[in-house]
Amino acid sequence: MMNKRYSKQTTHEVLSSLTKNEKLFSVLCAQCGNYGLTPKQSSFGVHALVVTHYIEGAAYPVGGAANIHKSMEDVIEKHGGMIAIKADVKHIIIKDNTAIGVLMQNGDMLYAKNIISNAGAHNTFNKLILPELQKAENTIALNKVMPSVSHVCIYVGLNASDEELNLPKYNIWLYENYKFDETRELHLKTKDSISPVFYISFPSAKDSEWPKKHPGTAAIQVLGSYPFNWMQEWEHMRWQKRGVDYEAVKEELKNVFLEKLYKTLPQIKGKVEICELSTPLSTKHFSNYDKGEIYGLEHTPERFELKQLRPKTNYKNLYLTGQDIIAVGVCSAMFAGIITSINILNRNVLWRIARYKP
Ligand SMILES: Cc1cc2nc3c(=O)[nH]c(=O)nc-3n(C[C@H](O)[C@H](O)[C@H](O)COP(=O)(O)OP(=O)(O)OC[C@H]3O[C@@H](n4cnc5c(N)ncnc54)[C@H](O)[C@@H]3O)c2cc1C
């Protein structure tokens, strides 16, 4: 768990007490894109968490990210659970301050003893609870924390294997310079400025099953910052129907991101078979994050002070889980699931998980 002494301080406050060397300082912060905040803004708690997580190298699910949910389906169904996809919750049904079910967008009502939401604290408290049942203390608390950054990403498919292209398994972080805070501030203020940070990742190179399933091919992602409000004029339009101006902006961004990629890995030139680009509006459309935020709530020191970001809410039988109650990341979200389960069962199940042998 996060040590409050550190989570209350910014990454800048802690690291600048250790070194005055600007280059070393920035190198120590180079993974800050994983939580989307620069050193003067971020809580040192999350920085330490992310750096520790990566220190011995990270992990990648065999067969790709989809295998995470595939591996859970059987367990859920074996125990009488049901999985519904493309099934939006309209609101949580609350009677006498107790959550008793959910009303789905299609009108179905589903009742349960406990309601658990991983749709994010903002969605849960401000959108999924009817306005007349919302509590000022939740709204006031959440207003202290902004949504995290939004992004643009290109998903690149190549017609040569990772081996042929000599693609690495590690992630690459590219920064404009060593002044992360000042450069980010200028970028956010300057409409249409190019992202000061790029992240390049190689999902196929990390997946041991990829060469068997997709021989002679590889996949790369390139991600960069892109403020949501720069896309606001298309916000009200439907997915794939946002018109030629939107498509033109996407095309321009695609070229900028591809150029960055070619500059970093010139050997892939001429091998790109397909390139799809997502914008903050894609994140909003597919994941329902209101401002296209990539990582839920911003990881500032204030965030880790909020008692609203815990499994138990101030509505009986309504629980939160997911990244907002711990921190960004698949592992954090999974651990949040465990913590929420412990709260509901009132029993520490950690030892069972620690002893589990697949
Ligand atoms: C491009 C990108 C790359 C990333 N890369 C990595 C990585 O390499 N490693 C890593 O550890 N983390 C990564 N992350 C972060 C990671 O994906 C998140 O931290 C994690 O998925 C959070 O899990 P969660 O369950 O809290 O929320 P989510 O995964 O966001 O799940 C919330 C779900 O709630 C659903 N929802 C919202 N509203 C409703 C509603 N009204 N009704 C029904 N459903 C609703 C959404 O559709 C969504 O499926 C990445 C994130 C992004 C966007």
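First listed ligand is number 1; within each ligand, the first listed atom is number 1. Computed over heavy atoms, backbone and side chain alike; hydrogens, waters and symmetry mates excluded. We number each residue from 1, following the sequence as shown.
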Nearest neighbour in protein (non-hydrogen) for [atom]:
| atom | result |
| --- | --- |
| atom 40 (C) of ligand 1 | V89 N, 3.7 Å |
| atom 17 (O) of ligand 1 | V330 CG2, 4.4 Å |
| atom 38 (N) of ligand 1 | N288 ND2, 2.8 Å |
| atom 27 (O) of ligand 1 | Y289 OH, 3.4 Å |
| atom 31 (O) of ligand 1 | N118 ND2, 3.5 Å |
| atom 4 (C) of ligand 1 | Y295 CE2, 4.9 Å |
| atom 36 (N) of ligand 1 | A119 CB, 4.0 Å |
| atom 20 (C) of ligand 1 | Q323 OE1, 4.0 Å |

**Asked** Looking only at heavy atoms, is any part of T283 under 4.0 Å from ligand 1, and if so is it the side chain, the backbone, or both, or is it neither?
**Response**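 It is neither; nothing of T283 touches ligand 1.
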**Asked** Which bit of L223 gets closer than 4.0 Å to ligand 1, counting heavy atoms only: side chain, backbone, both or neither?
**Response**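 It is the side chain that gets close, since no backbone atom is under 4.0 Å.
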Please verify whether a non-hydrogen atom of [X] lies at under 4.0 Å from ligand 1.
| X | value |
| --- | --- |
| H151 | yes |
| A87 | yes |
| S287 | yes |

**Asked** For the residue pair W234 and H285, is the inter-centroid distance of their aromatic rings smaller than 6.0 Å?
**Response**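 They do not qualify: ring centres at least 6.0 Å apart.
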**Asked** Can we call the ring centroids of H151 and Y199 under 6.0 Å apart?
**Response**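 No, ring centres 6.0 Å or more apart.
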**Request:** Could you tell me whether K206 sits above the aromatic face of Y170, with NZ or CZ closer than 6.0 angstrom to the six-membered ring centre and within 45 degrees of the axis?
**Result:**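 Here K206 fails the 6.0 Å and 45° test against Y170.
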**Request:** Starting from the C-alpha separation in whole Å, work towards a yes-or-no answer on ring pair (Phe, Tyr, Trp, His ring centres under 6.0 Å) for F198 and W173.
**Result:** CA-CA 6 Å; F198 285 89; W173 287 101; over 10 Å; no
Just to confirm, does any protein heavy atom lie below 4.0 Å from [atom]?
| atom | result |
| --- | --- |
| atom 43 (C) of ligand 1 | yes |
| atom 6 (C) of ligand 1 | no |
| atom 23 (O) of ligand 1 | yes |
| atom 49 (O) of ligand 1 | no |

Supply the atom-to-atom distance [X] [atom1] to [Y] [atom2], rounded to the nearest 0.5 angstrom.
| X | Y | atom1 | atom2 | result |
| --- | --- | --- | --- | --- |
| I92 | L103 | CD1 | CG | 11.0 Å |
| N171 | L223 | CG | CG | 10.5 Å |
| Y60 | S204 | OH | OG | 8.0 Å |
| N114 | I100 | CG | CD1 | 12.5 Å |
| L188 | S225 | CG | OG | 6.0 Å |

**Prompt:** So which of Y199, F286, Y60 gets nearest to atom 8 (O) of ligand 1, if we judge by its closest heavy atom?
**Reply:**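 Answer by nearest heavy atom: Y199.
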**Prompt:** Y35 and side-chain contact (heavy atoms from CB on, under 4.5 Å): which partner among V149, V50, I294?
**Reply:**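 Checked V149, V50, I294 against Y35; only one passes side-chain contact (heavy atoms from CB on, under 4.5 Å): V50.
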Can you name the atoms of ligand 1, numbered from 1 with element, that are less than 4.0 Å from a heavy atom of [X]?
| X | value |
| --- | --- |
| L128 | 41 (N) |
| D88 | 42 (N), 43 (C) |
| G322 | 26 (O) |

**Message:** Could you walk me through whether H91 and I129 satisfy the side chain to side chain contact (heavy atoms under 4.5 Å, CB included) test, starting with their C-alpha distance in whole Å, then the side-chain angles of each, then the deciding distance to 0.1 Å, before giving a yes or no?
**Reply:** CA-CA 6 Å; H91 69 248; I129 292 179; over 6 Å; no
**Message:** Do I93 and M104 land in one hydrophobic cluster if side-chain heavy atoms of ILVMFWY residues count as linked below 4.5 Å?
**Reply:**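 No: no chain of side-chain contacts under 4.5 Å links I93 to M104.
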**Request:** Please answer: with hydrophobic residues joined when any side-chain heavy atoms are less than 4.5 Å apart, are V330 and V328 in the same cluster?
**Result:**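 Different clusters.
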